[in-house]
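Read the numbers this way: they start at 1 and go in the same order the structure lists the ligands and their atoms.
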Amino acid sequence: MSRAIVFDTYGGPEVLRTVQVAELTPGPGQVRVRVKAAGVNPIDAKIRGGRLDGRVPVAFPQTLGNEFAGVVDRVGAGPAAYPVGAEVFGFTSMSAYADHVVVGVDQVTAKPAALPWETAAALSAVGQTAYNALRILAVNQGETLLVHAAAGGVGTVAVQLARLLGATVIGTASERNHEYLRSLGATPVVYGPGLTERVRNLAPGGVQAALDCIGADAVRVSLDLVENPGRIGTTADESAADTYGVHRIRYERSAQTLAELARLYCAGKLVLPVAKTFPLEAAADAHHEIETGHVRGKIVLVASG
Ligand SMILES: NC(=O)c1ccc[n+]([C@@H]2O[C@H](COP(=O)([O-])OP(=O)(O)OC[C@H]3O[C@@H](n4cnc5c(N)ncnc54)[C@H](OP(=O)(O)O)[C@@H]3O)[C@@H](O)[C@H]2O)c1
């Protein structure tokens, strides 16, 4: 037997509970991973709270968690891409809040020794989302990118990847995160009324692209600043994407992108702060934390014992 965190009904963080589940067996082309750490994302809380009912299929008792890092402890039939004992990290769908996950070998990549477990577990969702967003928005050297919610998980990675591409980045955050944004290479600006004017003052050459990682009025502000709506994307506001015809940044994952993000981390070109860790069985506390909406970087569940 091993443990998983499940919920049986939509509700607050208190609906999350720890259960014993039957041992998972990997099929052909799969590995079983003993999870050492699992990333927590805002979407986990949205699913748990029922905000995505009808859009994200849920089967009670439902587990959560889309990303993890751990050690391969069983290998399915067929050529073994990863042997038992391999240290890996990867992505899954609503199953990583557990002692074990079973995934295809194309959903993991080798964890470099220099990449800490917690960071590895936190890299997939925000890293791959930011990576895809910059590709979709075609951010280029010499351009200015506006990132809304730049101190969050997606924003943190997007700022750094855009800087590596040679772009200037303006990032929105509350005052307490301004020094942090400067450390990532962005020019900080407070969000709220008057944002459009403040950004205009910071960008005399204009803003060529914008990435919304928060919703609210971020897309509307972006439309005021960016000439081409095709260079605006949102990870957080599907209805604004539909209304205004800007890019909705969709779920798209690959082990290759993950390996590239790890390479950047190990080369000292990417950081992803883990704001807090919680033991697996305290997933409800982790959800309280993510629902504050003010996490800097990431929240991670770690295996106990
Ligand atoms: N489509 C996908 O594949 C995908 C993948 C990952 C995430 N997402 C979505 O993208 C969004 C961002 O995810 P995340 O993990 O980056 O979130 P997060 O880490 O929880 O974001 C927290 C950050 O939001 C900032 N913030 C709060 N209110 C703000 C406001 N009004 N304006 C600007 N910043 C504000 C906070 O900064 P302050 O404390 O300074 O306010 C905090 O640093 C979520 O909606 C998530 O569900 C989508």
Side-chain angles (χ1 to χ4, degrees), residues 38-49 51-52 55-56 64-67 91-94 96 121-137 146-161 169-184 186 188-196 198-199 210-222 233-241 246-254 257-258 261 272-276 286-300:
V40 176
N41 287 288
I43 193 166
D44 305 345
K46 291 179 198 172
I47 294 169
R48 187 218 68 228
R51 287 171 58 192
L52 300 178
R55 284 189 284 163
V56 173
L64 291 165
N66 297 342
E67 54 187 1
F91 52 94
T92 179
S93 181
M94 294 164 68
L123 204 48
S124 179
V126 299
Q128 303 215 49
T129 301
Y131 187 96
N132 293 331
L134 296 195
R135 181 178 48 76
I136 290 164
L137 300 180
L146 172 63
V147 178
H148 298 269
V154 180
T156 287
V157 180
V159 166
Q160 296 171 85
L161 295 182
V169 183
I170 298 171
T172 74
S174 61
E175 214 54 88
R176 73 176 188 96
N177 278 320
H178 282 198
E179 202 44 51
Y180 171 64
L181 290 193
R182 282 188 199 99
S183 77
L184 300 178
V189 62
V190 286
Y191 48 80
L195 177 59
T196 306
R198 286 193 295 281
V199 174
L211 176 61
D212 162 31
C213 305
I214 189 66
D217 60 353
V219 166
R220 197 187 43 71
V221 168
S222 301
T234 178
T235 66
D237 194 345
E238 286 179 23
S239 72
V246 304
H247 291 283
R248 178 178 155 197
I249 309 299
R250 289 170 197 276
Y251 189 94
E252 201 184 314
R253 306 286 178 254
S254 82
T257 302
L258 209 44
L261 292 165
L272 181 57
V274 173
K276 265 189 199 171
H287 274 217
H288 275 297
E289 190 70 30
I290 200 94
E291 287 186 317
T292 64
H294 294 287
V295 172
R296 177 191 292 172
K298 290 284 300 188
I299 299 293
V300 175

Subject >> His294 N/O under 3.5 Å from ligand 1 N/O >> reply: yes
Original post:
In Å and rounded to the nearest 0.5 Å, what is the CD to OG distance from Gln160 to Ser183?
Top reply: 8.0 Å
Subject >> Identity and separation of the nearest protein heavy atom to atom 21 (O) of ligand 1 >> reply: Gly152 CA, 3.6 Å
Subject >> Enumerated ligand 1 atoms positioned under 4.0 Å from heavy atoms of Ala151 >> reply: 43 (O)
Original post:
How far is atom 9 (C) of ligand 1 from its nearest protein heavy atom, and which residue and atom is that?
Top reply: Thr235 O, 3.3 Å
Original post:
To the nearest 0.5 Å, how far apart are CG in Leu161 and OH in Tyr131?
Top reply: 8.5 Å
Original post:
Hey, does Ile249 come in under 3.5 Å of ligand 1, counting only N/O atoms on both sides?
Top reply: yes
**OP:** Could you tell me whether Ala236 and ligand 1 have an N or O pair separated by under 3.5 Å?
**Re:** no
Original post:
Rounded to the nearest 0.5 Å, what separation is found between the NE2 atom of His178 and the CZ atom of Arg176?
Top reply: 10.5 Å
**OP:** Mark up the atoms of ligand 1 that fall under 4.0 Å of a heavy atom belonging to Arg253, in ascending order.
**Re:** 3 (O), 5 (C)
Original post:
Val40 and Val300: side chain to side chain contact (heavy atoms under 4.5 Å, CB included), yes or no, with the steps?
Top reply: CA-CA 6 Å; Val40 176; Val300 175; over 6 Å; no
Subject >> Atoms of ligand 1, numbered as shown, that sit under 4.0 Å from any heavy atom of Gly293 >> reply: 22 (C), 23 (C), 24 (O), 25 (C), 26 (N), 27 (C), 36 (C), 42 (C)
Subject >> Residue of the set Val154, Val126, Ile299, Ile290 for which side-chain contact (heavy atoms from CB on, under 4.5 Å) holds with Asn41 >> reply: Val126
Original post:
Short N/O distance, under 3.5 Å, between Arg296 and ligand 1?
Top reply: no
Original post:
What distance do Ile43 atom CD1 and Asn66 atom CG have between them, rounded to the nearest 0.5 Å?
Top reply: 6.5 Å
**OP:** Please report which non-hydrogen protein atom sits nearest to atom 7 (C) of ligand 1, along with the residue it belongs to and the distance in Å to one decimal place.
**Re:** Val154 CG2, 3.7 Å
**OP:** Count the heavy atoms of every other residue, nucleotide or ligand shown that sit under 6.0 Å from CZ of Arg51, and state whether that count exceeds 12.
**Re:** no
**OP:** Would you please name every residue forming a salt bridge (charged side-chain N to carboxylate O under 4.0 Å, His left out) with Arg55, sequence neighbours left out?
**Re:** Glu238
Original post:
Looking at atom 20 (O) of ligand 1, what's its closest protein heavy atom, distance included?
Top reply: Pro42 CG, 3.6 Å
Original post:
In the protein, what heavy atom is nearest to atom 35 (C) of ligand 1, and what distance, to one decimal place, separates them?
Top reply: Tyr191 CE2, 3.5 Å
Subject >> Protein residue, atom and distance nearest to atom 5 (C) of ligand 1, heavy-atom basis >> reply: Thr129 OG1, 2.9 Å
Original post:
Under 3.5 Å, N or O to N or O, is Ile214 touching ligand 1 that way?
Top reply: no
**OP:** May I have the step-by-step check of side chain to side chain donor-acceptor pair (under 3.5 Å) for His148 and Ser222, ending in yes or no?
**Re:** CA-CA 9 Å; His148 298 269; Ser222 301; 2.9 Å; yes
**OP:** Kindly determine whether Thr156 and Leu184 satisfy side chain to side chain contact (heavy atoms under 4.5 Å, CB included), including the steps that lead there.
**Re:** CA-CA 7 Å; Thr156 287; Leu184 300 178; 4.1 Å; yes
**OP:** Answer yes or no on whether Arg253 is positioned over the face of Tyr251, meaning its NZ or CZ is under 6.0 Å from the six-membered ring centre and within 45° of the axis.
**Re:** yes
Subject >> Atoms of ligand 1 close to Thr172 [distance to a heavy atom under 4.0 angstrom, numbered from 1] >> reply: 33 (C)
**OP:** Within a distance under 4.0 Å of any heavy atom of Lys46, pick out the atoms of ligand 1 and give their elements.
**Re:** 44 (C), 45 (O), 46 (C), 47 (O)
Original post:
For ligand 1, does Arg176 get within less than 4.0 Å through its side chain, its backbone, both, or neither, judged by non-hydrogen atoms?
Top reply: side chain
Original post:
Does Arg182 reach the main-chain N or O of Asn177 with its side chain, forming a donor-acceptor pair under 3.5 Å?
Top reply: no
Subject >> Closest approach of any protein heavy atom to atom 43 (O) of ligand 1, naming residue and atom >> reply: Val295 O, 2.8 Å
**OP:** Just need the protein heavy atom nearest to atom 12 (C) of ligand 1, so name the residue and atom and give the distance.
**Re:** Cys213 O, 3.2 Å
Original post:
Does Arg248 have a non-hydrogen atom less than 4.0 Å from ligand 1?
Top reply: no
Original post:
Can you tell which part of Asn177 has a heavy atom less than 4.0 Å from ligand 1: side chain, backbone, both or neither?
Top reply: side chain
**OP:** Considering only NZ, NE, NH1 and NH2 on the basic side and carboxylate oxygens on the acidic side, decide whether Glu252 and Arg135 come within less than 4.0 Å.
**Re:** yes
Original post:
Which ligand 1 atoms, with their elements, are less than 4.0 angstrom from a heavy-atom of Ala173?
Top reply: 40 (O)
Subject >> Which of the ligand 1 atoms, numbered from 1, are nearer than 4.0 Å to a heavy atom of Tyr251 >> reply: 3 (O)
Original post:
Partners of Lys46 by side chain to side chain donor-acceptor pair (under 3.5 Å), sequence neighbours excluded?
Top reply: none
